[in-house]
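Everything numeric in this text was worked out from a predicted model, so none of it was measured.
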Amino acid sequence: MSQVYDYYINGEWRKSASGDTISIPSPYMSNPVGVVQAISKEEIDEAVAGAKKAQKEWATLTVRERGEYLYQWIDNLLAAKEEIAEVIMKEVGKAHNDAIKEVERTADYIRYTIEEAYHMHGESMMGENFVGGSRKKVAIVHRVPLGVVLAIAPFNYPVNLSASKIAPALISGNAVVFKPATQGAISGIKMVEALHKTGLPKGVINLVTGRGSVIGDYLVEHRDINMISFTGGSNNGYRIAQKTKMIPLVMELGGKDPALVREDAELDYAADHIVAGAFSYSGQRCTAIKRVLVHESVADELVAKLQTKIEKLTVGSPEENCVIVPLIDNGSADFVQGLIDDAIEKQATLVTGNKREGNLIYPTLLDNVTPDMRIAWEEPFGPVLPVIRVKSDEEAVALANESEFGLQASIFTKDASKAFILAEQLETGSVQINGRTERGPDHFPFVGVKSSGTGTQGIRKSIESMTREKVTVLNLQ
Ligand SMILES: NC(=O)C1=CN([C@@H]2O[C@H](COP(=O)(O)OP(=O)(O)OC[C@H]3O[C@@H](n4cnc5c(N)ncnc54)[C@H](OP(=O)(O)O)[C@@H]3O)[C@@H](O)[C@H]2O)C=CC1
Ligand SMILES: O=C(O)[C@H](O)COP(=O)(O)O
């Protein structure tokens, strides 16, 4: 019998009155990981109303009082590290060591968030600086919470990406309605259990479980939601943006991050970064390197190096800490296989891979990929890397920018000036010079443009996105 998990509202764990539940399969085990509640619209209303009410009181606490709860949350997370990591591993198929690192990274994230909030200050402005203004007018500007933040998280970092929305929301005086990915919900529940144990006031954090396709629209259109922080696929991001009205949105969506490899690049170094960037957690990272744009004069050499390194990647079970693990579900594996098949049909060169056992796809390298192939443009979220050969920097930049996505890009070169010039031209949130694409360190701004998102995350930026400026003007008599 699978363990049944409750949802969390107003400080209580509850079963849905509807009796509806969802069984959560594992990407690699035959038994389900557990069963979660499929909650109703009435229960969502109750969660949002509870959050709205609790937020008023929560916002009156000092930042240091709120910080004490969050410090306790860190202690509870670390005390339950093994248990939470095991759930992450079983639920989303993440290698055990990476699951442990995810919990530790989350603790570090929350700690930095608390400390950042302690050191954020407002400002005062004198009226005299503007034409005709006077020194007798003084503005005091500080930040206040937005109210109820809706945090919607994806499956691939079910604890870290959830906490990176919840912690900045809470420290700055918001209440939270948290909707985890269904595949990832039990990891989210474990994380909220650690928060519940801090004695956080009732209603400040609420966890609602249910399929996004069923309750998603109702949640995002809810009139008492004041801000949405969403991480997930671009289609869902666009849908949410169309449905919401006049509330701030931060969206971190899909990516097709290119690695530009110039003729002068240190190829061994570049290949190491590209392989780590493209294949960790089987490429199920928004920031994974998802295409290589390499100068044709060094392409043969780079592809040979990539092949050697890719063929050394461990493939198999998350319990054995393999790099290449089964994808989140069969549908995702079918999608990745479809991209590989399309490319091979259109004469891409299969360098290695294209082997499949159920939802386990072996790491696959495709060379001589051309713009008519789907893999040149679509995000696989799986372990397949296309190599596109280019004749010049200009061609690389043009191909990079032709993508609908704009999350990150890497440039590998020994010429720092050239790297800066190219970085300026790339239409992405971030550019990594001589490094793989990645979100961390987590206090750096994390930005997606075009179909990769809107708004900025990163600890200070996340706090800013969940607060607004409040201006009080003192008119001296
Ligand atoms: N840029 C970034 O920082 C990141 C981007 N991503 C992107 O996310 C995708 C993979 O993650 P995945 O979890 O599959 O993404 P999804 O978009 O499928 O799901 C993300 C979240 O949205 C929910 N959801 C689904 N439908 C709706 C809806 N109509 N309204 C509101 N919420 C909804 C999901 O719930 P449910 O699970 O119940 O369907 C889940 O909680 C990739 O495209 C990846 O690039 C992932 C991580 C980071
Ligand atoms: O969800 C993702 O893919 C992350 O936001 C990327 O994080 P990472 O670069 O630390 O893996």
Side-chain angles (χ1 to χ4, degrees), residues 25-28 88-89 91-95 98 154-158 161 181 183-184 231-236 252-259 274-292 306-307 309-318 321-346 348-367 369 373-388 403-405 407-408 436-439 451-452:
S26 168
Y28 70 98
I88 296 175
M89 177 182 76
E91 192 175 26
V92 304
K94 183 169 286 192
D98 290 343
F155 79 83
N156 63 339
Y157 281 89
L161 280 174
Q183 190 80 41
T231 302
S234 298
N235 290 345
N236 283 330
E252 294 297 343
L253 310 174
K256 188 71 184 169
D257 294 359
I274 290 169
V275 172
F279 291 99
S280 56
Y281 187 36
S282 280
Q284 297 175 113
R285 296 167 50 246
C286 59
T287 50
I289 289 181
K290 292 180 179 133
R291 49 197 172 130
V292 176
L306 291 173
Q307 178 181 6
K309 291 174 200 293
I310 290 169
E311 288 175 353
K312 287 187 185 142
L313 294 174
T314 48
V315 180
S317 170
N321 287 313
C322 291
V323 176
I324 304 297
V325 288
L327 294 184
I328 193 71
D329 54 30
N330 274 322
S332 304
D334 288 345
F335 178 73
V336 174
Q337 188 64 56
L339 295 178
I340 298 172
D341 293 346
D342 172 77
I344 292 174
E345 227 166 78
K346 292 176 180 155
T349 310
L350 174 65
V351 181
T352 188
N354 192 24
K355 183 173 156 199
R356 178 176 177 185
E357 291 159 14
N359 57 338
L360 178 65
I361 303 241
Y362 279 65
T364 300
L365 181 65
L366 296 165
D367 192 5
V369 167
M373 300 174 191
R374 289 173 54 206
I375 191 70
W377 309 110
E378 295 182 36
E379 179 189 40
F381 232 58
V384 52
L385 182 64
V387 176
I388 302 175
S403 169
E404 66 162 306
F405 296 107
L407 193 55
Q408 296 204 354
R436 68 178 193 153
T437 47
E438 61 184 352
R439 173 167 46 120
S451 291
S452 292

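- Between P318 and G93 the shortest heavy-atom distance is CG-O, 3.5 Å.
- Interatomic distance, Q337 CD to I361 CD1, rounded to the nearest 0.5 Å: 5.0 Å.
- T364 contributes atom OG1, which lies 7.0 Å from atom CZ of F279 (distance to the nearest 0.5 angstrom).
- The backbone N or O of L365 sits nowhere less than 3.5 Å from a side-chain atom of T352 that would complete a donor-acceptor pair.
- Here the side chain of S452 pairs no donor or acceptor atom with the backbone of F405 at under 3.5 angstrom.
- Under a 3.5 Å cut-off, the side chain of Q408 and the backbone N or O of E438 do form a donor-acceptor pair.
- Scanning both residues, L360 and I324, for their nearest heavy atoms gives CD1-O, 4.0 Å.
- Checked by atom type and distance alone, the side chain of N359 pairs as donor or acceptor with a backbone atom of L327 at under 3.5 Å.
- For the pair L407 and E379, the minimum side-chain heavy-atom distance is 4.5 Å or more.
- Of the possible polar contacts, none joining the D367 side chain to the T349 backbone as a donor-acceptor pair under 3.5 Å is found.
- Nearest heavy-atom pair, R356 versus A333, reported as atom, atom and distance to 0.1 Å: NH2-CB, 3.5 Å.
- Nearest heavy atom pair, residue P326 against residue Y28, reads CG-CB, 3.8 Å.
- With rounding to the nearest 0.5 angstrom, the CZ atom of R436 is 11.5 Å from the CG atom of D257.
- Within the 3.5 Å criterion, the main-chain N or O of I375 finds a donor-acceptor partner in the side chain of K256.
- Between P158 and I88, the closest side-chain pair of non-hydrogen atoms falls below 4.5 Å.
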Would you check, one step at a time, whether the test side-chain contact (heavy atoms from CB on, under 4.5 Å) holds for W377 with E404? CA-CA 8 Å; W377 309 110; E404 66 162 306; over 6 Å; no
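- Few gaps surround CG on N330; more than 12 heavy atoms of other groups in view lie less than 6.0 Å from it.
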List the steps, then state whether side-chain contact (heavy atoms from CB on, under 4.5 Å) holds for S403 with R291. CA-CA 11 Å; S403 169; R291 49 197 172 130; 3.3 Å; yes
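- The SG atom of C322 sits 11.0 Å away from atom CG of D98, with the distance rounded to the nearest 0.5 Å.
- The closest donor-acceptor contact from the side chain of E378 to the backbone of L339 lies at 3.5 Å or more, if one exists at all.
- Between the side chain of T314 and the main chain of V323, a donor-acceptor pair closer than 3.5 Å is present.
- For the pair K94 and Y157, the distance from NZ or CZ to the six-membered ring centre is under 6.0 Å and the angle to the ring normal is within 45 degrees.
- Separation of atoms CG (L366) and NZ (K346) is listed at 12.5 Å; rounding is to 0.5 Å.
- R285 meets the salt bridge (Lys or Arg N to Asp or Glu O under 4.0 Å) test with no other residue; sequence neighbours excluded.
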Test side-chain contact (heavy atoms from CB on, under 4.5 Å) on V92 and I328; report intermediate values, then the result. CA-CA 6 Å; V92 304; I328 193 71; 3.9 Å; yes
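- A pairwise comparison of heavy atoms in T437 and A288 identifies OG1-C, 3.9 Å as the closest pair.
- The shortest heavy-atom contact between G232 and P154 is CA-CB, 4.3 Å.
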With salt bridge (Lys or Arg N to Asp or Glu O under 4.0 Å) as the criterion, how do D341 and R374 come out once you've worked through the C-alpha distance, each side chain's angles and the decisive distance to 0.1 Å? CA-CA 10 Å; D341 293 346; R374 289 173 54 206; over 6 Å; no
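- For the atom pair C286 SG and F381 CZ, the distance stands at 6.0 Å (nearest 0.5 Å).
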